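Heads up, the thing below is written out as structure tokens.
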Amino acid sequence: MKNKKLIGVVIALVMLVVVGYFFNNQPQTETSGNKTTTTVKVGVLQYVTHDSLDEIYKGIKAGLKEGGYEEEVNLDIDFMNAEGDQSQVQTMSKKLVANGNQLLIGIATPAAQGLANASSDLPIIMGAVTDPVGANLLTDLEKPGGNITGVSDQTPVADAIELIQTITPAAKTIGLLYSSNEDNSKAQVAEFKTAAEAAGYTVLDYAVPSSNEIAATVEVASSKVDVLFTPVDNTIASAFSTVVGVANKTKTPIYTSVEEMVETGGIASVTINQYDLGLATGKMAANILNGANPATTPVEIFNQGSVVVNKKVAEQLGLTIPESVLEEASRIIE
Ligand code: TRP
């Protein structure tokens, strides 16, 4: 009796080891019947954590799936997040290349730049890069010509200025809050300045060298300007609750470029849907995995926005959002 029990235990253990071994050594290509599934490896580098980039990553996975690539079926995603650290961007970019990924996706400009430095032959898809040319990623949006293409998010600046005029007609001075290290912000800031000055505003520049300076900079800015505007800037986005906390002390409204920052306390924005940006990025990546050439795949540009307003924030600031804006808004946060 005792021996039989022991033999049973030994057999069970041997089976466990054999099954374990088998599962660990699954080949990349599986054949079942006459169907062959090959798993592709895709590396994703996200620059930093903030709600908009997280939303883009969700869209990317959905876009890949729509294009025929799904995790746990035929897709392995090697995901890394540099958490805003430039040296991590470099290290992780190299790792993603060394790990044998077949295609790389960079979420936000600094991530795409890191990947571009790490490989000049693997296909690289830009996930929401505002100014690919200014960021030195390519020279022609229509004909990228190399290993890099992707999706570009370009805030409709004129609409943003109109929104500021309608909601806060008494405002004369706009403070521009952005990071001095992000190539994506430079082009938007220049465009915004020209258009706002043409509309009669005085525009003051508040460029922060790092997230450590945000609170102090906003403190100064909000004592000098009537309203603040922030472009799609990763440094500001990832510390946006700090910005809101400081600007609220002087009841200075903050106009943002994305919905996620209106949710966190901005007053209003003309926003490009972040999930849609990711979806387009994922679909483009799938096309390239299916054989399309990045060199001849034009960059997809998103430059149409919809109005999102935060009624609760407006009330706290003692402002009333005009009926015309509420009617036009695609979303009202109450
Ligand atoms: N477009 C930004 C870049 O080029 C990335 C980005 C996408 C972003 N959505 C955002 C930044 C929202 C701030 C807020 O890096």
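Computed from a prediction, not measured in an experiment: that's the story for all the values here. Atoms within each ligand, like the ligands themselves, are counted from 1 in listed order.
Ion pairing between K312 and E315 fails under the 4.0 Å rule for side-chain N and carboxylate O. Of the charged side-chain nitrogens involved, at least one lies within less than 4.0 Å of a carboxylate oxygen, so that D205 and K193 count as a salt-bridged pair.
Between Y201 and Q165 the shortest side-chain heavy-atom distance falls below 4.5 Å. Taking 4.5 Å as the limit, some side-chain heavy atom of Q86 sits within range of a side-chain heavy atom of Y47.
A donor-acceptor contact under 3.5 angstrom links the side chains of D54 and Q46, judged on distance only. A donor-acceptor pair shorter than 3.5 Å cannot be found between the side chains of N184 and Y178. T49 and N81 form a side-chain donor-acceptor contact under 3.5 Å, judged by distance and modelled atom types alone. Under the 3.5 Å distance criterion, with hydrogens and angles disregarded, no donor-acceptor pair is assigned to the side chains of N248 and Q316. Remark: the E182 side chain and the T109 side chain contain no N/O donor-acceptor pair separated by less than 3.5 Å.
Summary of contacts: the protein heavy atom closest to atom 15 (O) of ligand 1 is T109 N, 2.8 Å. Ranking the protein heavy atoms by distance from atom 7 (C) of ligand 1 puts D153 OD2, 3.4 Å first. Of the protein's non-hydrogen atoms, the one nearest atom 11 (C) of ligand 1 is N234 OD1, 3.2 Å. Among protein heavy atoms, atom 2 (C) of ligand 1 sits closest to A128 O, 3.4 Å. For atom 14 (C) of ligand 1, the nearest protein heavy atom (residue, atom name, distance) is H50 CE1, 3.6 Å. Atom 9 (N) of ligand 1 has its closest protein heavy atom at Q274 OE1, 2.6 Å.
When each atom of ligand 1 is checked for a heavy atom of I56 under 4.0 Å away, the hits are 7 (C), 9 (N). Ligand-side atoms of ligand 1 in range of V129: 4 (O), range being under 4.0 angstrom from any heavy atom. Short contacts between ligand 1 and V258, defined as distances under 4.0 Å to a heavy atom of the residue, involve ligand atoms 12 (C), 14 (C). Within ligand 1, counting atoms from 1 as listed, the ones closer than 4.0 Å to a heavy atom of D233 are 11 (C), 13 (C).
Nearest heavy-atom pair, I161 versus A199, reported as atom, atom and distance to 0.1 Å: CG2-CB, 4.2 Å.
I236 does not count as a contact of ligand 1, since none of its heavy atoms falls under 4.0 Å from the ligand. Put simply, no part of E182 is less than 4.0 Å from ligand 1, judged by heavy atoms.
Residue contacts with ligand 1 for T130 involve both N, CA, C or O and side-chain atoms from C-beta outward (heavy atoms, distance under 4.0 Å). Residue L53 touches ligand 1 through its side chain alone, judged by heavy-atom distances below 4.0 Å. The side chain of A237, and not its backbone, has at least one atom closer than 4.0 Å to an atom of ligand 1 (non-hydrogen atoms only; side chain from C-beta on).
Nearest to atom 12 (C) of ligand 1 by heavy-atom distance, out of S52, P231, S238, is S52.
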